[in-house]
Number of protein chains: 2
Amino acid sequence: MSQARRDTPNERLAPKAVVGRLSLYLRQLELFERQGLITVSSRRLGTVLGIGDAQVRKDLAFFGQFGYPGVGYRIEELGQALRRVMGIDHEWPLALVGLGNLGRALLKYRGFRARGFRIAALLDNDPKKIGHSHSGLVIEPIDACARVVAEHHIALAVLSVPGEAAQATADLLIAAGIVGILNFAPVTLTMPPHVNIVAVDLSIQLENLAYLVANTEPKPSATRLPEQAEGG
Amino acid sequence: MSQARRDTPNERLAPKAVVGRLSLYLRQLELFERQGLITVSSRRLGTVLGIGDAQVRKDLAFFGQFGYPGVGYRIEELGQALRRVMGIDHEWPLALVGLGNLGRALLKYRGFRARGFRIAALLDNDPKKIGHSHSGLVIEPIDACARVVAEHHIALAVLSVPGEAAQATADLLIAAGIVGILNFAPVTLTMPPHVNIVAVDLSIQLENLAYLVANTEPKPSATRLPEQAEGG
DNA sequence: TAGATTGTTAATCGATTAACAATC
DNA sequence: TAGATTGTTAATCGATTAACAATC
């Protein structure tokens with residue numbers, strides 16, 4: 001419940017790499033909190049995430065002064081501060097667009113809800129799906145997105161339509177006022193500058209993994225030396 | 001069917017950022033190929049992906065000399081070369097571990113198959129699920145992973161178990177010979193150095209999007225100037 | 001040939017790591 | 001106090017961009 005102490009918000013947008021790590025820090029802080037810890041040092045926080053202590057401090061310092069020299073960071077306070085700088089100190093209603101296999105799985109995915117993201121509307125263009133209910137929500141036609149977005153004050157959309165439909169659907173969503181899209185379609189979308197997109201291309205991730213595996217030394221011996229691996 | 005011309009494989013592992021873009025290049029090349037194009041310049045390839053022409057050339061040059069001055073890149077030839085350097089010029093059998101909502105959606109996801117990844121085995125620890133068939137495959141207990149991995153020559157696993165089970169399950173998979181994991185569990189896994197991991201954390205991606213949206217200027221006017229957005 | 005475009009070198013930019021005075 | 005740890009500056013490292021001779 002304490003307030004952040006010396007919050008010196010930075011004018012610039014944080015580097016993408018920093019923001020990605022912020023989410024990792026927050027997740028780990030919440031874990032530490034459940035374990036009953038009160039404070040944590042940059043070294044300890046970094047170690048469990050495979051990140052150097054200097055980098056942890058630098059990342060956090062970008063947004064303000066949250067630590068106490070000689071003590072470390074107060075976990076609850078830092079967690080609150082990070083939620084605020086990340087813009088997730090309040091709920092975000094989402095539109096889920098495209099209710100194929102992946103879309104329906106995302107609808108039931110509990111990780112979103114746990115992080116303050118609430119799916120508030122379902123959109124699909126398949127006449128066989130429109131009108132059906134999933135998890136208490138009725139699927140509406142994509143044409144209705146302007147009304148739906150306004151009604152529920154939705155800013156973010158999760159796009160899980162087929163690749164062929166992705167750009168046209170995104171255009172409709174943007175016209176309806178959507179300003180952020182989490183794109184699961186395997187397509188590079190073209191956007192006006194005020195709209196943000198984060199692409200999650202599962203095949204590309206798997207390809208990157210294949211490359212790494214194809215170019216990594218095999219296990220050198222029976223000895224194993226645990227080491228950290230990263231992700232976004 | 002042509003061979004790459006002057007392939008000068010680089011000893012070093014390519015930077016992560018380069019590998020990520022390689023997948024984008026390949027996807028776009030395949031699109032161009034379907035559109036009937038024969039050659040493409042670095043400028044054109046870059047433009048549609050929102051990447052500079054110098055960067056496209058530099059990325060490709062890391063792996064060899066694939067272009068023709070004055071002409072550009074032969075699309076089919078470059079595509080083949082990229083598939084080879086990425087290690088996806090052959091099929092990869094996968095183990096899908098964890099058949100919750102997300103796991104079942106991934107099983108039906110067609111993007112994997114289209115890219116040479118074939119789910120060859122299903123593993124889950126829920127007694128209610130073991131023995132049931134999905135898409136022609138029988139769910140086996142995770143304890144059986146050593147046998148299953150050996151039988152199907154599986155190197156890569158897709159891990160979609162709950163966060164609490166992720167590390168223990170990953171340890172079993174590694175002991176069974178798995179050397180690459182696509183991790184959907186919201187947990188930072190600890191790995192021996194010969195094992196690669198790519199983390200796909202959907203909540204983190206959505207958090208990054210929320211940050212961007214919360215810190216982006218709103219639409220300045222009615223004029224729109226389309227611009228490229230990126231993703232991995 | 002003239003025009004286009006590569007591969008590569010040099011210049012710039014940004015991100016990570018190391019070091020340390022200041023603080024508790 | 002002595003020990004721990006921060007925030008920040010300087011040093012290093014890596015990645016991107018610009019420029020251009022070489023090539024077709």
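Note that these values count all heavy atoms, side chains included, but never hydrogens, waters or copies made by symmetry. Protein chains get the first letters and strands the later ones, always in sequence-line order, with residue 1 at the start of each.
Put simply, CZ on A:Arg43 is 16 Å from P on D:dG7, counting in whole angstrom units. To the nearest angstrom, P of C:dG7 lies 13 Å from NZ of B:Lys58. Atom CG of B:Asp59 and atom P of D:dT17 are 10 Å apart (whole Å).
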Dot-bracket assigned to DNA chain D with the 3.5 Å Watson-Crick/G-U criterion, [ ] for crossing and | for other-strand pairs, is ..||||||||||||||||||||||
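Put simply, A:Gln55 has a side-chain N or O that comes within less than 4.0 Å of OP1 or OP2 on C:dT16. For the OP1/OP2 pair of C:dG7 and a distance below 4.0 Å, the side-chain nitrogens and oxygens of B:Tyr73 include at least one atom meeting the criterion. Taking 4.0 angstrom as the limit, B:Arg44 places none of its side-chain polar atoms (N or O) nearer than this to OP1 or OP2 of C:dT6. Put simply, B:Arg57 has no side-chain N or O that comes within less than 4.0 Å of OP1 or OP2 on C:dG7. Within the 4.0 Å cut-off from OP1 or OP2 of D:dT23, not a single side-chain nitrogen or oxygen of B:Gln65 is found.
In this structure, the nucleotide among D:dT17, D:dT9, C:dA22 sitting nearest to the side chain of A:Pro69 is C:dA22. Counting only heavy atoms from C-beta on, A:Ala54 has its side chain closest to C:dT17 among C:dT16, D:dG7, C:dT17.
Geometrically, B:Arg44 engages B:Phe32 in a cation-pi contact defined by less than 6.0 Å to the ring centre and at most 45° from the axis.
Residues from residues 26-42 of chain A that place a heavy atom under 4.0 Å from any atom of DNA chain D, listed by number: A:Ser41, A:Ser42.
Between A:Val71 and B:Leu60, the one whose closest nucleotide on DNA chain C sits nearer the 5' end is B:Leu60.
B:Gly52 comes within 4.0 angstrom of nothing in the nucleic acid, heavy atoms only.
The aromatic rings of A:His90 and A:Trp92 are tilted relative to each other, their planes meeting at an angle between 30° and 60°.
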